[in-house]
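Residue numbers start from 1 in every chain, and the chains themselves are labelled A, B, ... in the order their sequence lines are given, proteins ahead of strands.
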Number of protein chains: 2
Amino acid sequence: MLTRSEEDHIKAVYVLVQEGDKAFTKDLADRLRTKASSVTDMLKKLAEKGYLKHEPYYGAKLTAKGQALALQLVRKHRLWETFLVERLGFGWDEVHEVAEQLEHVASEQLINQLDAYLGHPAFDPHGDPIPDRNGRIRARRTRRLDVSVAGDTVRIVAVSETTDGLLRLLDAKGLRIGSTLAIQEVHAFDGSMDVKPKNGAAFSLSKDVSHHLQVESIQP
Amino acid sequence: MLTRSEEDHIKAVYVLVQEGDKAFTKDLADRLRTKASSVTDMLKKLAEKGYLKHEPYYGAKLTAKGQALALQLVRKHRLWETFLVERLGFGWDEVHEVAEQLEHVASEQLINQLDAYLGHPAFDPHGDPIPDRNGRIRARRTRRLDVSVAGDTVRIVAVSETTDGLLRLLDAKGLRIGSTLAIQEVHAFDGSMDVKPKNGAAFSLSKDVSHHLQVESIQP
DNA sequence: TACAAATATTAGACATGTCTAATAAATCGA
DNA sequence: TCGATTTATTAGACATGTCTAATATTTGTA
Ligand SMILES: [Mn+2]
Ligand SMILES: [Mn+2]
Ligand SMILES: [Mn+2]
Ligand SMILES: [Mn+2]
């Protein structure tokens with residue numbers, strides 16, 4: 001059995017490798033709110049246990065065994081988030097910390113019956129795909145909103161969940177998963193963009209925001 | 001924040017004090033599957049933190065602070081068990097271990113919304129009362145089945161949950177919370193009793209079983 | 001009531017996860 | 001390309017929870 005800390009490290013490696021091909025010590029320390037030296041210790045141990053490969057000074061990557069475990073953790077995290085929002089009435093900005101705990105409860109039966117109870121959802125409240133019990137994720141072609149250009153029309157499909165401030169900002173602007181935006185202009189100076197939702201007046205989004213939104217193109 | 005182990009010790013003290021007025025080191029060690037020396041260490045620490053009073057060689061009792069915490073843990077444990085049985089379709093013999101983990105998830109909001117979602121249940125799947133958010137438990141006059149005598153008619157109101165073998169035996173005999181039994185005879189030799197359910201043929205229950213059933217008298 | 005058995009505590013050890021400080025390596029920028 | 005900055009590792013420390021073995025106390029019984 002792995003500890004909560006070990007599981008959190010494996011999941012963090014998974015996420016950072018997704019984003020940047022390698023997981024580096026400092027980024028792991030930041031994400032896990034711990035110190036770089038603690039991360040190095042943990043990477044060494046997890047490498048010995050066969051969950052990842054650690055190249056000192058050059059970051060870490062999961063092995064197949066680590067990958068499988070990370071996908072189960074992601075599955076559990078996202079199913080619990082879905083439960084909290086859909087059944088218990090949590091806001092999408094209130095679920096992350098609780099799911100961060102619930103994901104470590106160890107019971108195959110629990111997670112599979114929760115999955116069935118929720119109707120085998122494919123996406124969590126932030127639009128992120130939920131791996132099935134075999135760890136398979138439905139592939140999607142999405143990109144970050146901040147790489148879109150004026151003239152594009154896009155649909156928001158996912159939002160980075162970790163910053164609840166962002167989620168509340170989106171609530172305030174009336175944006176959510178599925179919202180459609182026409183991009184009117186992108187300002188070179190600060191990367192901000194003027195966007196117009198389907199029904200409503202145009203407004204501006206900072207690059208800080210657009211960087212954390214995943215979108216797909218739609219026919220305008 | 002308390003650790004899982006600290007919380008489990010406090011809860012175990014609570015249960016043993018209920019049953020026998022004091023919680024002794026050996027009983028705690030047996031219940032928690034640990035060693036007496038580890039329990040002594042933990043009692044010392046929890047006494048320092050103000051959760052209990054420890055009289056060396058004469059057992060432990062919770063303080064008001066410890067009592068309040070134990071009741072919250074019991075509340076969480078029983079609400080989760082109720083959720084698992086009522087919503088996820090677990091059997092009453094399958095929930096204990098999972099609830100033993102879930103009870104340590106720390107979130108006021110989670111437990112209160114779970115409570116509301118379940119309709120503020122008063123009893124868990126084993127018939128045990130669920131404390132409300134203030135730790136209050138509805139009082140009941142119940143006694144163990146093994147102190148009943150021939151001629152009594154009783155209703156089963158609760159079952160000791162920790163032994164899943166017992167729960168499966170009750171399933172096999174068709175007994176559950178609410179079942180009514182007429183006690184026909186109690187055998188002095190082994191304490192076994194012959195009982196007859198409302199609709200069905202009489203059968204015999206060993207003292208091992210009757211000792212773990214809580215009943216209330218009913219007019220026959 | 002004395003001694004054996006049961007129970008409890010203390011002493012000493014070890015594994016785990018975390019930290020700070022010291023040192024080392026890699027990377028960035030003039 | 002070299003020195004400064006950033007990133008990473010190692011060394012050493014400490015808190016926590018657990019264990020076994022030794023010792024102490026209480027309890028039960030002859
Ligand atoms: Mn977590
Ligand atoms: Mn999410
Ligand atoms: Mn527990
Ligand atoms: Mn129960």
Taking the side chain of A:T34 as heavy atoms from C-beta outward, which of D:dT9, C:dC19, D:dC19 is closest to it? C:dC19
Are B:R75 and B:E103 within salt-bridge range, i.e. N to O under 4.0 Å? no
Per the 3.5 Å Watson-Crick/G-U criterion and a run length of at least three, the stems involving DNA chain C are C:1-30 with D:1-30
Could you tell me how far apart B:R4 (CZ) and D:dT18 (P) are, to the nearest whole angstrom? 10 Å
Think A:S5 has a side-chain N or O under 4.0 angstrom from the OP1 or OP2 of C:dT18? yes
note: A:L28, atom CG; D:dT9, atom C1'; distance rounded to Å ~ 14 Å
How is A:S38 classified with respect to the nucleic acid when contacts are heavy atoms under 4.0 Å: base, sugar-phosphate, or nothing? base
Indicate, with a heavy-atom threshold strictly under 4.0 Å, whether A:T25 touches base, sugar-phosphate, or nothing. sugar-phosphate
To the nearest angstrom, how far is B:Y57 atom OH from D:dT27 atom C1'? 13 Å
Spacing between B:K35 atom NZ and D:dT20 atom P, to the nearest angstrom: 5 Å
OP1 or OP2 of C:dA11 under 4.0 Å from side-chain N/O of B:S37: no
Here's a test of your reading of the structure: between B:H9 and A:F24, which maps to the more 5' nucleotide of DNA chain D? A:F24
salt_bridge(A:K61, A:D21) N-O dist < 4.0 Å: yes
Separation of A:L32 atom CG from C:dC19 atom C1', in whole Å? 15 Å
Classify B:T40 by what it touches in the nucleic acid, base, sugar-phosphate, or nothing, heavy-atom distance under 4.0 Å. base
Side-chain ion pair, A:D115 and A:R78, N-O less than 4.0 Å: no
Whole-Å gap separating C1' (C:dA8) and OH (B:Y58): 11 Å
Whole-Å distance, B:R33 CZ to D:dT18 C1', equals 16 Å
Salt bridge between B:E100 and B:K11, side-chain N to carboxylate O under 4.0 Å? yes
Whether A:H54 contacts D:dA8 is assessed here as follows: a side-chain N or O lying under 4.0 Å from the phosphate OP1 or OP2. Is that the case? no
Test log, rule salt bridge (Lys or Arg N to Asp or Glu O under 4.0 Å), inputs B:K35 and B:D30: CA-CA 8 Å; B:K35 302 298 174 189; B:D30 289 347; over 6 Å; no
I need the CG-P distance between A:L16 and D:dA8, as an integer number of Å. 11 Å
Using salt bridge (Lys or Arg N to Asp or Glu O under 4.0 Å), reason through B:R140 and B:D128 one step at a time and then give a plain yes or no. CA-CA 10 Å; B:R140 284 193 301 179; B:D128 291 312; 5.2 Å; no
Applying salt bridge (Lys or Arg N to Asp or Glu O under 4.0 Å) to A:D27 and A:R31, what does each step give before you reach the verdict? CA-CA 6 Å; A:D27 298 331; A:R31 172 172 274 264; over 6 Å; no
